[in-house]
Amino acid sequence: MADERRTRGQAGPGLPALVLAVSLAAAGPVRAQVAAPGAGQGFDQGAGQGLGQATDPSLPGPLPGGQDPATFALRASNPAAQGGLSRGIARPGAASRFGARPRNPPQRRTRPPTTAITRQATQTGIADDSRLRPVVQIPVSGVPDLAAGVPLLRRRTIDPLDPYGPLGIRLGGLTLFPALQQSVGYDSNPDRSIYRSGSMALLSQGELRVASDWSSHELTGAMRFGYFLYPDNPNADRPDGDGAMRLRLDVARDTKVDVEGRYAISTQRAGSPDLAAQVRDRPLVATYGGTVGVTQNFNRLQVTLAGLIDRQSFENAQLPDGTILRQDDRNANQFGLRLRTGYEISPGFTPFVDTLVDTRIHDFAVDQSGLRRDSDGVTVRAGSSFEISRLLTGEVSGGYLSRHYADPRLSNVTGPVIDGSVTWAATALTSLRVGASTSVSETIVPGASGIFTRTAVAEITHDLRRNLRLTLAGTLISNDYQGTSIREQGYSAGVKLDYRLNRWLGFRASYARELLRSTAIGSSYHSDTYLVGVRVNP
């Protein structure tokens with residue numbers, strides 16, 4: 001009996017021990033399941049590291065196909081969106097078996113979705129270098145024609161991921177971007193004179209942009225040529241074009257040589273004060289020249305010395321009765337020497353001082369009025385080039401110019417100078433460009449020594465869609481004929497809409513209005529131009 005009780009007493013403690021053992025065995029999977037989320041986090045982090053190349057903020061933009069790194073971040077945090085994650089959770093012993101310790105994934109660095117696009121819009125292609133403008137300028141006795149001219153400031157670079165952007169033609173280390181455009185429309189005043197005589201307008205244009213892709217040195221440029229045909233007014237037919245090419249030679253790490261070539265072709269309008277007569281057609285004016293300069297860097301100090309030469313020639317005009325009005329006495333050459341010194345205070349901020357000394361020599365020592373129009377000029381400017389967060393870039397300068405003429409009867413031209421251009425990438429879709437320039441142009445108006453010209457331009461570009469772009473442009477101009485009472489004030493304003501069907505074909509519609517008020521009798525005018533055309537990028 002005692003043995004039976006003793007046996008039962010031993011059996012009593014054995015049952016709880018068995019229950020305890022079973023409980024401990026069941027607790028093992030529970031702890032493994034508790035550790036499983038840590039293992040899942042480790043897998044998620046590992047997946048994030050595998051995709052870390054896509055989320056690296058140093059990359060220039062989102063991945064092809066429109067997939068942004070933020071999309072991968074959201075996808076990795078969703079277990080239902082990835083099949084491998086559920087399989088990792090189903091293996092509770094994996095974390096403890098491989099010794100992986102649960103840890104929280106690091107916070108991902110995010111950025112606004114338009115940052116990459118804005119960077120592409122502002123990385124390169126800021127304002128045009130003012131040195132590309134011809135020094136001997138065409139007489140500005142009218143308002144720049146927005147229907148024919150290209151924007152003063154450089155457009156945004158082409159995104160290779162843009163399905164509507166032309167890819168260009170590869171030619172060795174060069175990429176050529178040709179373009180042809182044919183437009184038809186109506187011009188209310190083709191002669192740009194006080195006597196309005198509207199006509200149908202036909203505009204044929206050809207453009208060529210060049211960009212190099214060399215490890216060293218660089219070749220860039222743009223050329224444009226167009227021709228206006230007016231079937232209802234053939235005497236108003238005229239060509240129009242301009243262009244510049246620039247070659248940079250990297251001689252050494254701190255030494256480079258810049259070579260530039262430029263040209264501009266235009267015509268004189270019928271009511272120009274320089275003609276002083278009603279002409280049958282519009283005489284041609286051609287300007288061409290070049291610049292060779294050397295730039296040397298001394299640590300943060302940059303010194304540029306450049307020589308300039310330009311040629312300006314005028315075509316003889318024909319009066320309604322067939323008489324020839326000579327203008328060869330206006331032909332002139334200009335030789336100049338420029339010294340520019342800049343100091344880089346910080347990246348993107350370089351103040352400079354620019355001095356230009358030049359002389360203008362005409363083919364004839366005395367013009368038809370008996371005046372000696374050869375002159376010497378000095379222009380001193382101080383300013384700075386800047387780049388703020390890659391969103392605001394440009395160059396602004398101000399100074400003073402003085403031009404002295406060989407004939408004492410011609411008054412000297414002096415005055416303040418404001419030059420510069422600024423580009424602001426307001427958003428990824430909208431950009432604003434503004435610019436200003438000051439110059440002294442030649443004239444043969446009796447008693448006038450030169451035309452002191454001030455010009456201000458502005459252009460707003462907005463992409464309504466990926467293949468639909470709206471452009472608003474405007475120009476203000478002021479001409480002061482020094483030594484006379486002739487003053488001219490004018491403006492031109494226009495709107496342009498570009499619609500691209502694909503990379504090589506698009507349509508363009510534009511409207512431009514020009515207005516000029518002059519104190520000279522018969523020189524004021526206003527016009528409206530409507531054009532619709534097809535643009536081809538081979």
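Quantities reported herein were computed from a predicted structural model and do not represent experimental measurements.
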Exercise. So with a 6.0 Å cut-off around CZ of Arg170, is the heavy-atom count from everything else above 12?
Worked result: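 Count over threshold, so yes.
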
Exercise. More than 12 non-hydrogen atoms from neighbouring residues, nucleotides or ligands closer than 6.0 Å to CD1 on Ile324, yes or no?
Worked result: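 Buried by this count: over 12 neighbours within 6.0 Å.
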
For this session: Sort and list the pairs that fulfil salt bridge (Lys or Arg N to Asp or Glu O under 4.0 Å) and have at least one residue in residues 516-529, not counting sequence neighbours.
Result: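 As it turns out, the salt bridge (Lys or Arg N to Asp or Glu O under 4.0 Å) pairs with a partner in residues 516-529, which skip direct neighbours, are Arg513-Asp528.
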
For this session: Sort and list the pairs that fulfil salt bridge (Lys or Arg N to Asp or Glu O under 4.0 Å) and have at least one residue in residues 474-484, not counting sequence neighbours.
Result: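 As it turns out, the salt bridge (Lys or Arg N to Asp or Glu O under 4.0 Å) pairs with a partner in residues 474-484, which skip direct neighbours, are Asp480-Arg487.
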
Starting at [atom1] of [X], measure out to [atom2] of [Y] and round the result to the nearest 0.5 Å.
X: Leu432; Y: Thr427; atom1: CG; atom2: OG1; answer: 11.0 Å
X: Met223; Y: Asp242; atom1: CE; atom2: CG; answer: 11.5 Å
X: Ser375; Y: Arg403; atom1: OG; atom2: CZ; answer: 4.0 Å
X: Arg338; Y: Leu305; atom1: CZ; atom2: CG; answer: 11.0 Å
X: Asn479; Y: Phe452; atom1: CG; atom2: CZ; answer: 11.0 Å
X: Gln278; Y: Tyr195; atom1: CD; atom2: OH; answer: 6.5 Å

For this session: Please work out which of the three classes, parallel, tilted or perpendicular, describes the rings of Tyr230 and Phe228, given edges at 30° and 60°.
Result: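 It falls in the parallel class, under 30°.
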
For this session: Please assess Thr443 against Asp274 for the test side-chain hydrogen bond (donor to acceptor under 3.5 Å, both in side chains), listing each intermediate value before the final yes or no.
Result: CA-CA 6 Å; Thr443 182; Asp274 289 294; 2.4 Å; yes

Exercise. Are Asp498 and Arg508 close enough, and set up right, to give a salt bridge (charged side-chain N to carboxylate O under 4.0 Å, His left out), and what steps lead you there?
Worked result: CA-CA 5 Å; Asp498 288 288; Arg508 172 174 293 181; 2.5 Å; yes

[X] side chain vs [Y] backbone, donor-acceptor pair below 3.5 Å:
X: Asn467; Y: Arg500; value: yes
X: Asp250; Y: His217; value: yes
X: Asp187; Y: Asn189; value: yes
X: Asn235; Y: Arg282; value: no

Problem set entry | Residues Asn331, Ser313; criterion side-chain hydrogen bond (donor to acceptor under 3.5 Å, both in side chains); working and verdict | CA-CA 5 Å; Asn331 299 341; Ser313 60; 5.1 Å; no

For this session: Go through Arg373 and Asp329 one step at a time and tell me if the salt bridge (charged side-chain N to carboxylate O under 4.0 Å, His left out) criterion holds.
Result: CA-CA 10 Å; Arg373 293 194 172 272; Asp329 58 337; over 6 Å; no

Problem set entry | Arg209 vs Glu207, salt bridge (charged side-chain N to carboxylate O under 4.0 Å, His left out): CA-CA, chis, key distance, verdict | CA-CA 7 Å; Arg209 291 193 301 110; Glu207 301 176 12; over 6 Å; no

For this session: Specify the closest pair of heavy atoms between Gln489 and Ser478, including all atoms of both residues, with the distance to one decimal.
Result: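 Result for this residue pair: NE2-OG, 3.1 Å.
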
Exercise. Can you check side-chain contact (heavy atoms from CB on, under 4.5 Å) on Arg192 and Leu516, steps first, answer last?
Worked result: CA-CA 9 Å; Arg192 302 298 189 264; Leu516 182 72; over 6 Å; no

Problem set entry | Pair Ile477-Thr453, side-chain contact (heavy atoms from CB on, under 4.5 Å): steps then yes or no | CA-CA 7 Å; Ile477 192 168; Thr453 302; 4.2 Å; yes

Exercise. side-chain contact (heavy atoms from CB on, under 4.5 Å) between Asp328 and Asp363: does it pass, once the steps are laid out?
Worked result: CA-CA 8 Å; Asp328 52 358; Asp363 292 354; over 6 Å; no

Problem set entry | Working for side-chain contact (heavy atoms from CB on, under 4.5 Å), residues Asn412 and Gln482 | CA-CA 8 Å; Asn412 298 329; Gln482 299 288 304; over 6 Å; no

Pair [X], [Y]: side-chain N/O donor-acceptor within cut-off below 3.5 Å:
X: Arg311; Y: Asn333; value: yes
X: Gln181; Y: Ser183; value: yes
X: His362; Y: Arg372; value: no

For this session: Tell me, please, which residues at least two apart from Glu218 pass side-chain hydrogen bond (donor to acceptor under 3.5 Å, both in side chains).
Result: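 Residues passing side-chain hydrogen bond (donor to acceptor under 3.5 Å, both in side chains) with Glu218: Arg248.
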
Exercise. Is the NZ or CZ atom of Arg330 both under 6.0 Å from the centre of the six-membered ring of Phe314 and within 45° of that ring's axis?
Worked result: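 Pair Arg330/Phe314 counts as cation-pi.
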
